[in-house]
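For reference, the structure discussed in these notes is given below.
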Amino acid sequence: MPESNFIDYVKIMCRSGRGGNGSAHLHRGKYMPKGGPDGGDGGRGGHIYLKGNSNLWTLIHLKYMRHIFATDGSAGYENQCHGKDGEDRTIEVPCGTAVYDAETGQFLCDVNEHGQVVKLLRGGRGGWGNTHFKTATNQTPRYAQRGEPGVEKAVILELKVLADVGLVGFPNAGKSTLLSVISAAKPKIANYPFTTLEPNLGIVSYRGMQSFVMADIPGIIEGASEGKGLGFRFLRHIERNAVLLFMIPADTDDIIKEYNILAHEVLTFNPDLAEKPRVLAITKCDLIDDELQEMLREHLPEGVPTLFISAVAQRGLTELKDLLWRTINDERNRIPESLTQRDLADSHRVKEEDDFIFEAERPERSDQDPDAGGKMTWEDTERQWSDEYWEEDFIDENEDFQVVSDPDDALTKAERAKLQADADAQP
């Protein structure tokens, strides 16, 4: 398939920022040689946000920006100074974008409205300085809490076009012609199969100031679920439609057979589409006379509203829009505000994106010295504290701390006495 600006499936790597380490600084002043702990808290790491933007039509801006990294929080400082928070990153996506875990296919979230903001990855919390751990029995704690690590995750963004009516049919069924006639859309139209290679949207005006959105997707054929033709990857764009409009040409040998094939391919893609209301349009009826049209009425699927139309001859279009409008506004067919999303099935994946390998190296991170006169070490200590130091909804999985040695404690009592005696002996 040739390259196109319409990108509806992309895999990217996201990483939230790491929280800054708390400071284990001990106050030292001219007249306060041992002023006690005054280490500040570390700043939180940056978050990763998703934001809906109705001005975006595809995910092409993310196809060439595969890495979205928030910055880390800064370490705390002396005098109880709080470290700087990491910078957040906001990913703008078109409305109707669903997000999945690239490894497991688990559904994470979706963005359906303009301006809607979703926190995709949470930045690590900054560690507490040693000021928080002073007590009556431990007045000079020489340790602080390390910052919480960030979250790194490869995600898949899948765009599902938001429309009221979705067109379903074989190639050359007249879908693009219908869309070009009843809306201002200008899809490519030609007399050969698979003219449409990407979905097209059109706004259909209806009796004055009213309107609804119609989506035209590339034609599907029998065996599309097995990868024949263009496959059925574009069927994702009719999952959120209120009505499915099946289109079958009037010169078809067996209308019921073709309808059953289309219905089978749609249900193979997503069984939930069986509950969608359907309308059947027999297109190109200008090629047959009224007598043959009456004969075809006896060989139509049962239980499906059917109309004979001709987009070229402008026949039956008003009746079609009336039927679609009534079906869309039926309370039983309204699109729910919160759609139930399923995990990404293996058959719905795009192999080219799944095989994409991220080659960016993880930046090196140096130890953040709290500047307490000693060297920072990362060994585990016996000192631990309960979850009450964090918010109730947080489970602390990192029980390591910054441990800073005090030069005064490293000397024995005899060595300190000797140093003091040598200092007194100097003139």
Looking only at heavy atoms, what is the nearest atom pair of [X] and [Y], with distance?
{"X": "Cys95", "Y": "Leu159", "value": "O-CD1, 3.8 Å"}
{"X": "Ala281", "Y": "Leu245", "value": "CB-CD1, 3.9 Å"}
{"X": "Asn138", "Y": "Pro141", "value": "O-CD, 3.6 Å"}
{"X": "Pro94", "Y": "Thr97", "value": "O-OG1, 2.6 Å"}
{"X": "Glu92", "Y": "Leu56", "value": "O-CD1, 3.6 Å"}
{"X": "Ala102", "Y": "Lys11", "value": "CB-CE, 4.0 Å"}

Gln210 atom CD: more than 12 heavy-atom contacts under 6.0 Å: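 Buried by this count: over 12 neighbours within 6.0 Å.
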Atom CG of Leu317 with >12 non-hydrogen neighbours under 6.0 angstrom: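 Enclosed: over 12 neighbouring heavy atoms sit under 6.0 Å from CG of Leu317.
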Between [X] and [Y], is any pair of side-chain heavy atoms under 4.5 Å apart?
{"X": "Ile68", "Y": "Ile48", "result": "yes"}
{"X": "Arg297", "Y": "Thr306", "result": "no"}
{"X": "Val204", "Y": "Lys321", "result": "yes"}
{"X": "Ile7", "Y": "Leu62", "result": "no"}
{"X": "Val165", "Y": "Phe212", "result": "yes"}
{"X": "Val181", "Y": "Gln314", "result": "yes"}
{"X": "Asp110", "Y": "Val99", "result": "no"}
{"X": "Phe170", "Y": "Met247", "result": "no"}

What distance do [X] atom [atom1] and [Y] atom [atom2] have between them, rounded to the nearest 0.5 Å?
{"X": "Leu262", "Y": "Arg278", "atom1": "CG", "atom2": "CZ", "value": "9.5 Å"}
{"X": "Leu121", "Y": "His47", "atom1": "CG", "atom2": "NE2", "value": "10.5 Å"}
{"X": "Lys119", "Y": "Leu50", "atom1": "NZ", "atom2": "CG", "value": "12.5 Å"}
{"X": "Thr71", "Y": "Asp85", "atom1": "OG1", "atom2": "CG", "value": "9.0 Å"}
{"X": "Tyr9", "Y": "Lys63", "atom1": "OH", "atom2": "NZ", "value": "11.5 Å"}
{"X": "Asp8", "Y": "Lys160", "atom1": "CG", "atom2": "NZ", "value": "11.0 Å"}

For His82, all residues meeting ring pair (Phe, Tyr, Trp, His ring centres under 6.0 Å), sequence neighbours excluded: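 Here no residue qualifies.
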When you measure from the side chain of [X] to the backbone N and O of [Y], does any donor-acceptor pair fall under 3.5 Å?
{"X": "Asp38", "Y": "Glu78", "value": "no"}
{"X": "Asp254", "Y": "Ile256", "value": "yes"}
{"X": "Thr268", "Y": "His264", "value": "yes"}
{"X": "Ser54", "Y": "His114", "value": "no"}
{"X": "Asn241", "Y": "Leu244", "value": "no"}
{"X": "Ser23", "Y": "Gly129", "value": "no"}
{"X": "His27", "Y": "Pro37", "value": "no"}
{"X": "Lys284", "Y": "Ile248", "value": "no"}
{"X": "Ser183", "Y": "Ser180", "value": "no"}
{"X": "Asn130", "Y": "Arg142", "value": "no"}

Test log, rule side chain to side chain contact (heavy atoms under 4.5 Å, CB included), inputs Met214 and Asp164: CA-CA 6 Å; Met214 180 176 289; Asp164 299 305; over 6 Å; no
Residue list, side-chain contact (heavy atoms from CB on, under 4.5 Å) with Asp322, at least two apart or on another chain: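 Here the qualifying residues are Tyr206, Arg207, Thr318, Arg326.
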Residue list, side-chain contact (heavy atoms from CB on, under 4.5 Å) with Ala313, at least two apart or on another chain: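 Counting only residues at least two positions away or on another chain, Ala313 forms a side-chain contact (heavy atoms from CB on, under 4.5 Å) with Asp286, Ser310, Arg315.
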Derivation of the side chain to side chain contact (heavy atoms under 4.5 Å, CB included) call for Val10 and Arg66: CA-CA 9 Å; Val10 67; Arg66 298 283 188 167; 3.5 Å; yes
Test log, rule side chain to side chain contact (heavy atoms under 4.5 Å, CB included), inputs Leu307 and Val279: CA-CA 8 Å; Leu307 289 175; Val279 174; 5.5 Å; no
Pair Arg89 + Glu87: basic N to acidic O under 4.0 Å: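 So Arg89 pairs with Glu87 through a salt bridge.
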NZ/NE/NH1/NH2 to OD/OE distance under 4.0 Å, Arg44 and Asp88: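 Yes, Arg44 and Asp88 are salt-bridged.
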Residue pair Gln106 / Asp101, side-chain donor-acceptor N/O under 3.5 Å: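 Absent: no donor and acceptor within the cut-off.
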Trp128 and His132 aromatic ring geometry - parallel, tilted or perpendicular at 30°/60° bounds: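 Ring orientation of His132 relative to Trp128: parallel.
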Residues Glu319, Phe308; criterion side chain to side chain contact (heavy atoms under 4.5 Å, CB included); working and verdict: CA-CA 9 Å; Glu319 293 79 2; Phe308 287 81; over 6 Å; no
